[in-house]
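Remember, it's 1-based here, ligands and their atoms both numbered in the order they're listed.
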Amino acid sequence: MARDWEMAYEQNETPWDKGYASPPLLEFLQQNPILGRVLVPGCGTGHDVRALAAQGAQVLGLDVAPSAVRKALAFPCVRDERYEAGDFLNLDAGHCAAYDWVVEHTCLCALDPCERVAYARAVQQALKPGGYYLAVFYREVSDYTGDGPPHPITPAESHALFAPVFEPLEAFVPAQGYASRPVGSEEVCLWRKM
Ligand SMILES: C[S@@+](CC[C@H](N)C(=O)[O-])C[C@H]1O[C@@H](n2cnc3c(N)ncnc32)[C@H](O)[C@@H]1O
């Protein structure tokens, strides 16, 4: 059954929110600054958005749950970040070909696997030609039985989803992660829209 994201934020039942940005994303940023216009789909309360803004990007955090956006807006502004309530799978025209980067962390795994093709189409729509898609993919979810979210995605599945339109540039298993996500359960992948 689809999760009611708005109710989760209203009731503070958000175990995925660790209170700080994704360690694999921070690890990537240590070596590769991300600049320009950045979209973070499924941004939740915005920890990744603020980490990206702090190092100089113009960032939009988009989330389908208005209460997530309200909570994100309650944090002090870091630099050039904005938030918007909306459905990433149904982007407004204003978001199309508007971004240099789409940064993914725990949005794809939150969707039903049958929505993945629509998600990949949205990434493609949002990016400018030659834009970058940086993803922290959830490769292994402990005790996963098919009931999600989160839903892990295998390398073969992500390749099938993105390779037709995106060129893979880099992939690595991050050395750092949240305590609840052991090393090896996540992979950082960088793609460029062709
Ligand atoms: C597992 S949470 C992760 C939130 C945040 N990335 C974090 O790590 O704290 C998944 C997020 O995706 C959002 N979401 C789910 N479906 C979405 C959609 N179609 N468009 C935009 N956001 C969506 C949810 O509201 C939720 O905030």
Can we say Glu140 and Arg181 salt-bridge, meaning some charged N sits less than 4.0 Å from an Asp/Glu carboxylate O? no
Can you name the residues that come within less than 4.0 Å of ligand 1, going by heavy atoms only?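 Its neighbours under 4.0 Å (heavy atoms only) are Trp5, Tyr9, Trp16, Gly42, Cys43, Gly44, Asp63, Val64, Ala65, Gly86, Asp87, Phe88, Leu89, His105, Thr106, Ala110, Leu111, given by chain and number.
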Would you say the side chains of Tyr144 and His151 form a donor-acceptor pair under 3.5 Å?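 His151 and Tyr144 do have a side-chain donor-acceptor pair below 3.5 Å.
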For residues Thr45 and Asp17, is any side-chain donor paired with an opposing acceptor at under 3.5 Å?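 Checked: Thr45/Asp17 side chains pair up, N/O donor to acceptor below 3.5 Å.
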Which of parallel (below 30°), tilted (30 to 60°) and perpendicular (above 60°) describes Trp191 and His159? tilted
Under 30°, 30 to 60°, or over 60°: which ring-plane class applies to Tyr133 and Phe162, parallel, tilted or perpendicular?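 Tyr133 vs Phe162 ring planes: tilted.
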Please evaluate residues Phe28 and Glu170 with respect to the criterion side chain to side chain contact (heavy atoms under 4.5 Å, CB included), reporting the C-alpha separation (whole Å), side-chain torsions for both, the decisive distance (0.1 Å), and the verdict. CA-CA 11 Å; Phe28 180 88; Glu170 186 186 343; 4.2 Å; yes
